[in-house]
Amino acid sequence: MLTLLITLNTPTVSAGEMPELTARLINEGDDILLVNSRMLLVPAAMPDDRKEMVIHIDGPPDSMNLMRVHVQAKPPLPGDFVRLFPGEYLYSVYTLEEHFSYEEPGTYRVFAEYFNQIDLVVDGIRSWKGHIRSNNASFGINV
């Protein structure tokens, strides 16, 4: 079983700042999984068959996301896939300030999604295919 766990490096930030998000892709099952280790952050509007990692942030009613996620990447290559043994994880750190901009004080809820539609077999192991959603995390923006 593959799970996605996210954590934020701080519970609060000042206006104009954003926390860092760490996303861990964890093999909680008994079998070796073949997963796309790129975990490339893409816009939520990207077609599902091209998505890898999407981060969603929901803020106060008047908050506006000035999203800055721009991707010009090729599909993952076989070398981007790694074996994830039972109990192992891989992770990626996203500096949210590089991709999102919020100014409105309040509480913001964050979750992420990991996607893979690439069908690949390496050393007899078929790539994990599907879509999973992370836990929720939250942070506050202070005035």
Side-chain angles (χ1 to χ4, degrees), residues 1-13 16-142:
M1 180 171 90
L2 191 64
T3 60
L4 179 62
L5 174 70
I6 63 167
T7 56
L8 301 172
N9 70 328
T10 183
T12 57
V13 294
E17 297 177 347
M18 295 291 286
E20 283 186 347
L21 180 144
T22 299
R24 286 180 178 80
L25 203 53
I26 308 165
N27 181 352
E28 293 187 345
D30 297 326
D31 298 320
I32 299 170
L33 300 176
L34 187 66
V35 297
N36 177 0
S37 66
R38 248 182 10 170
M39 297 174 70
L40 180 68
L41 183 61
V42 299
M46 180 91 62
D48 283 357
D49 65 340
R50 299 190 59 208
K51 288 180 182 175
E52 292 184 29
M53 181 67 70
V54 176
I55 296 172
H56 302 271
I57 302 176
D58 297 319
D62 293 333
S63 65
M64 183 172 55
N65 174 19
L66 305 174
M67 194 163 143
R68 299 183 292 239
V69 177
H70 302 284
V71 178
Q72 293 181 353
K74 295 180 181 180
L77 300 171
D80 293 319
F81 286 77
V82 298
R83 287 184 215 116
L84 206 55
F85 288 83
E88 287 188 333
Y89 68 88
L90 59 95
Y91 72 95
S92 189
V93 177
Y94 302 93
T95 305
L96 297 182
E97 210 167 275
E98 293 175 3
H99 307 288
F100 299 91
S101 176
Y102 285 99
E103 299 283 331
E104 192 67 30
T107 300
Y108 291 77
R109 187 180 68 118
V110 183
F111 69 93
E113 296 176 288
Y114 173 80
F115 297 79
N116 181 56
Q117 298 302 322
I118 305 295
D119 195 16
L120 184 69
V121 177
V122 175
D123 295 332
I125 302 169
R126 184 168 295 283
S127 58
W128 178 92
K129 286 176 51 179
H131 160 243
I132 55 175
R133 186 187 189 282
S134 74
N135 58 300
N136 291 328
S138 63
F139 68 95
I141 293 182
N142 296 328

Can you check whether [X] reaches [Y] side chain to side chain, under 4.5 Å on heavy atoms?
| X | Y | result |
| --- | --- | --- |
| N36 | S127 | no |
| D80 | I118 | no |
| P86 | I32 | yes |
| V35 | N116 | no |
| V42 | R50 | no |
| R83 | I125 | yes |

Heavy-atom pair of closest approach, residues [X] and [Y]:
| X | Y | result |
| --- | --- | --- |
| E17 | E97 | CA-OE1, 3.3 Å |
| L41 | Y94 | CB-CE2, 3.9 Å |
| Y108 | G59 | CD2-CA, 3.3 Å |

message = Working to the nearest 0.5 angstrom, can you tell me the gap between M46 CE and M53 CE?
response =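 M46 CE to M53 CE: 13.5 Å, rounded to 0.5 Å.
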message = Please determine whether the number of non-hydrogen atoms from other residues, nucleotides or ligands lying under 6.0 Å from atom CZ of F111 exceeds 12.
response =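 Counting other residues, nucleotides and ligands, CZ of F111 exceeds 12 neighbours.
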query = Heavy-atom count around N142 CG within 6.0 Å, excluding the residue itself: above 12?
reply =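 Yes, the 6.0 Å shell around CG holds more than 12 heavy atoms from other groups.
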